[in-house]
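Take a look at the structure set out below.
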Amino acid sequence: MYRLCHLGIALIGVLAVDAAARGQTADTARGERVFRACAACHSLEPNRNMSGPSLSELWNRKAGTLPSFGRYSPALTSSGIIWDDTTLDAWISDPQHFIPGNTMTFPGVKDARQRVDLLAFLKDATQPGHAPSRAQRDKQMGGMMGMMGGGAVPSLKKLEPDQRVAKITHCRDTYRVTTEDGKTRAFWERNLRLMTDASDRGPEKNAPVIVAAGMMGDRADVIFASPEEISAFIASAC
């Protein structure tokens with residue numbers, strides 16, 4: 001109870017600063033552009049969780065309670081916060097100040113005008129059936145993801161032969177990845193990440209894929225359908 005009172009008092013300053021901005025008409029198109037900074041970690045599709053939980057139907061949901069997401073911090077699950085216009089504004093402004101000890105690394109949106117626009121976009125886009133289509137979201141994210149060395153991949157089940165992994169070998173500090181087009185690339189072992197994606201967009205069982213990572217061209221992610229595939233797929237060969 002004391003914690004909730006403390007959080008309520010902290011909101012007074014936030015609301016005072018934002019009062020002028022809230023008096024203006026929100027621009028959802030601008031808000032959608034601001035959301036691009038969030039879209040690398042959060043989806044608007046129901047139960048499509050990424051680094052962070054899906055934001056679908058977020059309003060009036062208790063923090064840390066989406067059943068399909070299993071990585072909430074204790075700080076968030078014990079906060080008692082209900083997400084609405086006021087609490088989301090405070091959270092987006094400074095997550096660590098609003099709920100200390102949470103594990104979201106995002107520093108916050110300090111511009112009150114941007115928060116008003118972002119919340120207006122999210123309040124509509126998180127309603128059932130209102131989220132932009134996956135194709136629209138991938139297209140919007142494509143430019144930014146391309147700068148980071150990746151790309152918007154609609155499905156890991158439908159990639160070209162140069163991204164479908166046929167064989168992986170390991171020798172000393174080097175992985176060699178052979179793709180179905182017959183080409184082999186060598187990676188320093190710290191530059192090749194072995195990952196899993198069990199979602200409906202992940203690779204087929206026993207059919208890992210390789211996706212570029214980083215900006216220098218010397219890093220990549222090999223993505224498997226499940227953890228048990230990893231050790232079985234990699235052969236020691238010097």
Side-chain angles (χ1 to χ4, degrees), residues 11 14-15 17-66 68-69 71-72 76 81-99 102-156 197 199-201 211-213 215:
L11 284 174
V14 175
L15 295 175
V17 171
D18 290 353
R22 288 181 178 279
Q24 302 176 39
T25 302
D27 187 321
T28 57
R30 278 201 309 252
E32 185 170 14
R33 291 193 292 272
V34 176
F35 179 71
R36 293 177 188 176
C38 313
C41 296
H42 293 281
S43 169
L44 297 172
E45 299 174 43
N47 293 313
R48 185 187 165 224
N49 301 310
M50 301 166 68
S51 295
S54 165
L55 302 182
S56 178
E57 299 186 54
L58 178 63
W59 258 253
N60 299 315
R61 188 164 79 205
K62 187 176 180 181
T65 61
L66 182 65
S68 63
F69 187 77
R71 297 184 296 278
Y72 287 115
L76 199 66
I81 296 296
I82 303 296
W83 295 127
D84 58 22
D85 293 2
T86 300
T87 55
L88 284 166
D89 180 69
W91 170 255
I92 293 169
S93 173
D94 190 338
Q96 282 301 325
H97 179 75
F98 186 54
I99 303 180
N102 81 82
T103 54
M104 189 168 83
T105 57
F106 184 62
V109 177
K110 306 308 178 186
D111 187 292
R113 172 75 270 171
Q114 289 185 336
R115 293 199 307 275
V116 169
D117 294 338
L118 175 59
L119 288 173
F121 165 71
L122 286 175
K123 194 166 189 178
D124 177 69
T126 57
Q127 296 303 309
H130 286 207
S133 70
R134 182 175 295 175
Q136 288 176 308
R137 180 63 55 209
D138 286 343
K139 182 177 180 181
Q140 291 165 354
M141 288 296 294
M144 183 168 68
M145 293 299 288
M147 290 176 62
M148 296 190 297
V153 181
S155 173
L156 296 180
D197 184 346
S199 75
D200 61 350
R201 301 178 73 182
V211 179
M215 301 178 67

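Closest non-hydrogen pair, Leu58 versus Thr126, comes out as N-CB, 4.1 Å. The shortest non-hydrogen separation linking Trp59 to Leu119 is CH2-O, 3.7 Å. For the pair Arg113 and Asp27, the tightest heavy-atom approach, listed with the atom from each and the gap, is NH2-N, 4.4 Å. Of all the heavy atoms in Phe69 and Gly52, the pair that sits closest is CE1-C, 3.5 Å. Minimum interatomic distance between Gly31 and Phe121 (heavy atoms only, all atoms of both residues): C-CB, 3.8 Å.
Atom CD of Glu32 sits about 10.5 Å away from atom CG of Leu118, to the nearest 0.5 Å. For the atom pair CD1 of Ile99 and OG1 of Thr87, the computed distance is 8.5 Å after rounding to the nearest 0.5 Å. Met50 contributes atom CE, which lies 11.0 Å from atom SG of Cys38 (distance to the nearest 0.5 angstrom).
Scanning for salt bridge (Lys or Arg N to Asp or Glu O under 4.0 Å) contacts around Asp84 gives an empty result, with sequence neighbours left out. Applying the side-chain contact (heavy atoms from CB on, under 4.5 Å) criterion to Thr103, with sequence neighbours excluded, gives Ser73. Every residue two or more places apart in sequence or in another chain that forms a side-chain contact (heavy atoms from CB on, under 4.5 Å) with Gln127 is listed here: His130. Residues satisfying the side-chain contact (heavy atoms from CB on, under 4.5 Å) criterion with Ser68, sequence neighbours excluded, are Asn47, Asn49, Leu66. With sequence neighbours left out, Phe106 forms a side-chain contact (heavy atoms from CB on, under 4.5 Å) with Met104, Val109.
Applying side-chain contact (heavy atoms from CB on, under 4.5 Å) to Ile92 and the options Arg115, Lys110, Gln114 leaves one that passes, Arg115.
Panel note: side chain Gln96, backbone Asn102; a donor-acceptor pair is recorded below 3.5 Å. Using modelled atom types, no side-chain atom of Thr28 and backbone atom of Ala120 make a donor-acceptor pair closer than 3.5 Å. The backbone N or O of Val34 sits nowhere less than 3.5 Å from a side-chain atom of Asp117 that would complete a donor-acceptor pair.
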Inset, instruction - For Leu76 and Ile81, run side chain to side chain contact (heavy atoms under 4.5 Å, CB included): C-alpha distance rounded to whole Å, both residues' side-chain angles, the deciding distance at 0.1 Å, then the answer. - result: CA-CA 8 Å; Leu76 199 66; Ile81 296 296; over 6 Å; no
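Side-chain contact between Ser54 and His42: absent, with no pair of heavy atoms (C-beta onward) separated by less than 4.5 Å.
Below 30°, between 30° and 60°, or above 60°: for Trp91 and Trp83 the angle between ring planes is between 30° and 60°, a tilted geometry.
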